[in-house]
Amino acid sequence: MGNDQEKEAAARASLQFIKDGQIVGLGTGSTAAHFIRLLGEKVRGGLRVRGIPTSEDSRRLAESLSIPLTSLDEYQQIDVTVDGADEVDPQLRLIKGGGGALLREKIIASASRKLVIVADESKRVPHLGKFPLPIEVIRFAQALVASKIETLGGKPQLRIKSGAPFVTDEGNHILDCNFGKIGDPSHLARVLSDMPGVVEHGLFIGMATTVLIARGTEIIELNP
Ligand code: 5RP
């Protein structure tokens with residue numbers, strides 16, 4: 001089974017968490033896109049939900065599937081969010097933001113009663129840090145933040161897309177920061193959150209309520 005089939009299998013398994021009448025957070029990335037497509041099928045079959053997308057890409061996809069959408073302006077509590085991840089460690093700590101949507105993803109996750117993470121087996125790691133940690137920064141401060149990250153032992157790289165700096169849905173830039181193995185993710189998360197110029201970082205700690213990993217045809221459910 002290839003990665004993409006595993007992604008779809010994990011996304012399909014997450015449908016069991018979605019109930020009629022719920023407000024559903026719609027994640028970003030290729031695995032979350034499988035979820036949104038499958039949710040669209042359920043909606044066509046009569047399921048009544050309202051989605052809150054974590055990115056403009058996911059909004060466009062959901063709209064193309066006629067999934068009714070709402071916003072945080074209308075609902076400040078989300079029943080369940082389904083999203084992907086770049087890395088998941090044994091304590092269900094995550095690195096997210098490979099798709100550049102970490103800021104809205106973390107806001108939506110923080111407003112969700114349940115955060116179901118869907119991923120293929122390749123995302124499961126013993127320690128976080130092989131995947132460079134995405135950090136969303138205010139453009140004005142990006143050089144300053146980059147130099148501070150270097151003093152923390154990280155190697156920051158400005159994310160480039162089509163020859164120009166990648167711009168997030170909120171108009172910021174992203175530094176992809178290679179820290180190698182992150183020994184103490186909670187400490188690093190606190191240090192980054194306290195750094196002026198950092199808008200948000202991709203460490204999601206204590207947020208996932210369920211992780212569904214597809215390994216071949218098997219679905220592994222991990223809970224905190
Ligand atoms: C986007 C994310 C994605 O969930 C993460 O990058 C995983 O992506 P994919 O499902 O395409 O492997 O955090 O900001």
Side-chain angles (χ1 to χ4, degrees), residues 1-15 17 24-39 51-62 78 80-89 92-110 112 114-125 128-137 157-161 165-178 182 185 189 192 198-205 207-215 219-220 222:
M1 212 178 193
N3 267 14
D4 197 57
Q5 284 165 297
E6 287 186 345
K7 287 178 181 193
E8 184 174 9
R12 193 177 293 282
S14 73
L15 290 173
F17 291 88
V24 181
L26 308 175
T28 295
S30 55
T31 320
H34 279 301
F35 165 71
I36 296 170
R37 281 188 214 102
L38 292 164
L39 186 67
I52 303 187
T54 55
S55 64
E56 295 306 312
D57 282 347
S58 293
R59 173 187 308 284
R60 280 188 285 274
L61 178 60
I78 297 168
V80 55
T81 289
V82 177
D83 203 348
D86 299 299
E87 285 189 346
V88 181
D89 82 357
L92 307 196
R93 297 177 293 197
L94 316 171
I95 286 183
K96 285 186 52 52
L102 65 126
L103 173 57
R104 291 193 188 177
E105 288 174 334
K106 197 177 275 186
I107 292 168
I108 294 293
S110 75
S112 302
K114 289 183 188 167
L115 174 62
V116 179
I117 296 295
V118 286
D120 60 277
E121 169 73 2
S122 72
K123 306 294 180 60
R124 221 169 155 193
V125 295
L128 299 181
K130 195 162 173 212
F131 191 93
L133 179 66
I135 301 179
E136 183 159 343
V137 292
Q157 187 131 42
L158 182 66
R159 189 177 297 186
I160 302 290
K161 191 178 174 191
F166 174 84
V167 179
T168 69
D169 284 339
E170 296 295 336
N172 301 307
H173 285 174
I174 288 190
L175 296 173
D176 289 306
C177 301
N178 194 341
I182 300 174
L192 292 173
V198 169
V199 183
E200 195 48 270
H201 56 78
L203 286 167
F204 285 48
I205 297 175
M207 298 190 103
T209 54
T210 301
V211 174
L212 299 172
I213 302 277
R215 184 170 62 192
I219 300 289
I220 301 161
L222 306 169

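Start at 1 and go down the list; that is how both ligands and their atoms are numbered.
The contact set between ligand 1 and G98, taken as ligand atoms under 4.0 Å from a residue heavy atom, comprises 6 (O), 13 (O), 14 (O). Near T28, meaning under 4.0 Å from one of its heavy atoms, ligand 1 places the atoms 1 (C), 2 (C), 3 (C), 4 (O). Taking every non-hydrogen atom of G84 and a distance limit under 4.0 Å, the qualifying atoms of ligand 1 come out as 4 (O). Residue-ligand proximity, D83 to ligand 1, at heavy-atom distances under 4.0 Å covers atoms 4 (O). The K7 neighbourhood of ligand 1 comprises atoms 9 (P), 11 (O), 12 (O), with distances under 4.0 Å to a heavy atom of that residue. Less than 4.0 angstrom separates some heavy atom of G100 from each of these atoms of ligand 1: 14 (O). Set against the non-hydrogen atoms of D86, the atoms of ligand 1 under 4.0 Å away are 5 (C), 6 (O), 7 (C), 13 (O).
Between G99 and ligand 1, a contact under 3.5 Å exists for at least one N or O pair. Between A32 and ligand 1, no pair of N/O atoms sits closer than 3.5 Å.
Here the side chain of K106 pairs no donor or acceptor atom with the backbone of G202 at under 3.5 angstrom.
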Quiz: residues 30-39 side-chain donor-acceptor pairs under 3.5 angstrom, not counting sequence neighbours:
from : atom 1 : to : atom 2 : distance (Å)
S30  : OG     : K7 : NZ     : 2.9
H34  : NE2    : D4 : OD1    : 3.0
H34  : NE2    : D4 : OD2    : 3.3

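By the neighbour-count criterion of 12 heavy atoms within 6.0 Å, atom CD of Q157 is sparsely surrounded, having that number or fewer from other residues, nucleotides or ligands.
At least one heavy atom of G97 lies less than 4.0 angstrom from ligand 1.
Given atom 10 (O) of ligand 1, the protein heavy atom at minimum distance is T31 OG1, 2.5 Å.
Among E105, K96, K123, the residue whose heavy atom sits closest to atom 14 (O) of ligand 1 is E105. Closest heavy-atom approach to atom 9 (P) of ligand 1 among the candidates A10, S30, G27: S30.
Summarising the geometry of K96 relative to L102, their closest heavy-atom pair is O-CB, 4.2 Å, with the distance given to 0.1 Å.
Under the side-chain contact (heavy atoms from CB on, under 4.5 Å) rule, I174 has a single partner from P134, P132, P165, which is P134.
Residues F17 and T210 form a side-chain contact, since some pair of their non-hydrogen atoms from C-beta on lies under 4.5 Å apart. By the 4.5 Å heavy-atom criterion applied to side chains, L222 and R124 are counted as neighbours.
For the residue pair S122 / D120, a side-chain donor-acceptor distance below 3.5 Å is found, with atom types taken as modelled.
Electrostatic pairing of R104 and E56 counts as a salt bridge here, judged by a charged N lying under 4.0 Å from a carboxylate O.
Only backbone heavy atoms of A85 (N, CA, C or O) come within less than 4.0 Å of ligand 1; its side chain stays farther off.
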